[in-house]
Amino acid sequence: DVQLQASGGGLVQAGGSLTLSCVVSGFTFDDYAVGWFRRAPGKEREGVSCISSSDASTYYADSVKGRFTISRDNAKNTVYLQMNSLKPEDTAVYYCATDVRRIGYSGSYYCHSGMDYWGKGTLVTVSS
């Protein structure tokens, strides 16, 4: 079974940093794209950042560009989201996801179309 386990959320003051981690199992991690999504209270789900299997294509939502960095460690089956200069509007439940059906698309494609396997979210709260 494909499983994703996210961690690293918490409470942080505006301007602070957090690093989210997501360990995946049940498939050949380096063959597939992975991404981070978030859902803030009362808002639609947003694709925050996605990275293709080859690392050739990464995508960042405009709202996080320049502040967040996605990376993957294929040896550890882990994807990270380094979040710097956090703002209160970054407060949300963050989900990691992967897509094992669609291969070879851009990071932007996955972040806009969604993915087919999701982990349980981790809550990030940024206080002002």
Side-chain angles (χ1 to χ4, degrees):
D1 290 349
V2 176
Q3 294 187 346
L4 302 96
Q5 181 65 53
S7 62
L11 174 64
V12 63
Q13 288 188 331
S17 298
L18 281 175
T19 299
L20 304 183
S21 302
C22 178
V23 180
V24 302
S25 61
F27 65 104
T28 306
F29 176 70
D30 47 347
D31 285 349
Y32 303 104
V34 287
W36 289 95
F37 296 75
R38 68 186 180 186
R39 188 186 296 274
K43 294 189 176 181
E44 297 286 323
R45 186 188 70 196
E46 176 185 23
V48 175
S49 182
C50 296
I51 185 168
S52 64
S53 59
S54 63
D55 289 2
S57 175
T58 56
Y59 166 83
Y60 295 94
D62 287 343
S63 57
V64 306
K65 204 171 290 183
R67 300 187 297 121
F68 290 10
T69 302
I70 191 170
S71 62
R72 60 189 299 163
D73 185 337
N74 290 339
K76 295 183 178 179
N77 282 13
T78 302
V79 57
Y80 304 96
L81 186 68
Q82 173 69 43
M83 306 185 294
N84 298 326
S85 303
L86 282 161
K87 304 175 181 180
E89 51 263 44
D90 294 318
T91 295
V93 178
Y94 284 72
Y95 301 87
C96 59
T98 190
D99 197 314
V100 301
R101 294 181 296 112
R102 296 170 295 184
I103 300 173
Y105 292 90
S106 67
S108 175
Y109 172 84
Y110 292 110
C111 262
H112 284 97
S113 66
M115 293 181 158
D116 57 359
Y117 284 95
W118 298 82
K120 293 182 180 179
T122 184
L123 176 63
V124 173
T125 304
V126 184
S127 63
S128 58

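Heavy-atom basis, side chains included; hydrogens, waters and symmetry copies ignored.
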Enumerate, atom names and distances included, each donor-acceptor pair closer than 3.5 Å involving a side-chain atom of residues 79-93, sequence neighbours excluded.
residue: Q82; atom: OE1; partner: T19; partner atom: OG1; Å: 2.4
residue: Q82; atom: NE2; partner: N84; partner atom: OD1; Å: 2.7
residue: N84; atom: OD1; partner: S17; partner atom: OG; Å: 3.0
residue: D90; atom: OD1; partner: R38; partner atom: NH1; Å: 3.0
residue: D90; atom: OD1; partner: R67; partner atom: NH2; Å: 3.0
residue: D90; atom: OD2; partner: R67; partner atom: NH1; Å: 2.7
residue: D90; atom: OD2; partner: R67; partner atom: NH2; Å: 3.3
residue: D90; atom: OD2; partner: K87; partner atom: N; Å: 2.8
residue: T91; atom: OG1; partner: P88; partner atom: O; Å: 2.9
residue: T91; atom: OG1; partner: V126; partner atom: N; Å: 2.9
residue: T91; atom: OG1; partner: V126; partner atom: O; Å: 3.4

Original post:
Any idea how F29 and F27 line up, ring-wise: parallel (<30°), tilted (30 to 60°), or perpendicular (>60°)?
Top reply: tilted

Original post:
Are the aromatic ring centres of Y60 and F68 under 6.0 angstrom apart?
Top reply: no

Original post:
Is the F37-W118 ring centre distance short of 6.0 angstrom?
Top reply: yes

Is there a path of hydrophobic side-chain contacts, each under 4.5 Å between heavy atoms of I, L, V, M, F, W or Y residues, that connects [X] with [Y]?
X   : Y    : answer
Y59 : Y105 : no
Y95 : M115 : yes
V12 : V64  : yes
V24 : V48  : yes
V34 : L20  : yes

Check [X] against [Y] and note the closest heavy-atom contact, atom names and distance.
X    : Y   : result
C96  : L4  : SG-CB, 3.8 Å
G107 : C50 : O-CB, 3.3 Å
N74  : R72 : OD1-NE, 2.9 Å

Under a 3.5 Å distance rule, please check whether [X] uses its side chain to pair with a backbone N or O of [Y] as donor and acceptor.
X    : Y    : answer
T122 : G9   : yes
S52  : S106 : no
T78  : K76  : yes

**OP:** Take W36 and C22, measure what side-chain contact (heavy atoms from CB on, under 4.5 Å) needs, and give me the verdict at the end.
**Re:** CA-CA 9 Å; W36 289 95; C22 178; 3.6 Å; yes

**OP:** Compare all side-chain heavy atoms of D31 with those of I103 and state whether any distance is below 4.5 angstrom.
**Re:** no

Nearest 0.5 Å, what's the [atom1]-[atom2] distance between [X] and [Y]?
X   : Y    : atom1 : atom2 : answer
T98 : Y117 : OG1   : OH    : 9.5 Å
I51 : S57  : CD1   : OG    : 8.5 Å
E46 : R39  : CD    : CZ    : 11.0 Å
K65 : S49  : NZ    : OG    : 10.0 Å

Original post:
Would Y32 and R102 count as a side-chain hydrogen bond (donor to acceptor under 3.5 Å, both in side chains) if you check the C-alpha gap in whole Å, the side-chain angles of each, and the deciding distance to 0.1 Å?
Top reply: CA-CA 8 Å; Y32 303 104; R102 296 170 295 184; over 6 Å; no

Original post:
Are Q5 and S21 linked by a side-chain donor-acceptor pair shorter than 3.5 Å?
Top reply: no

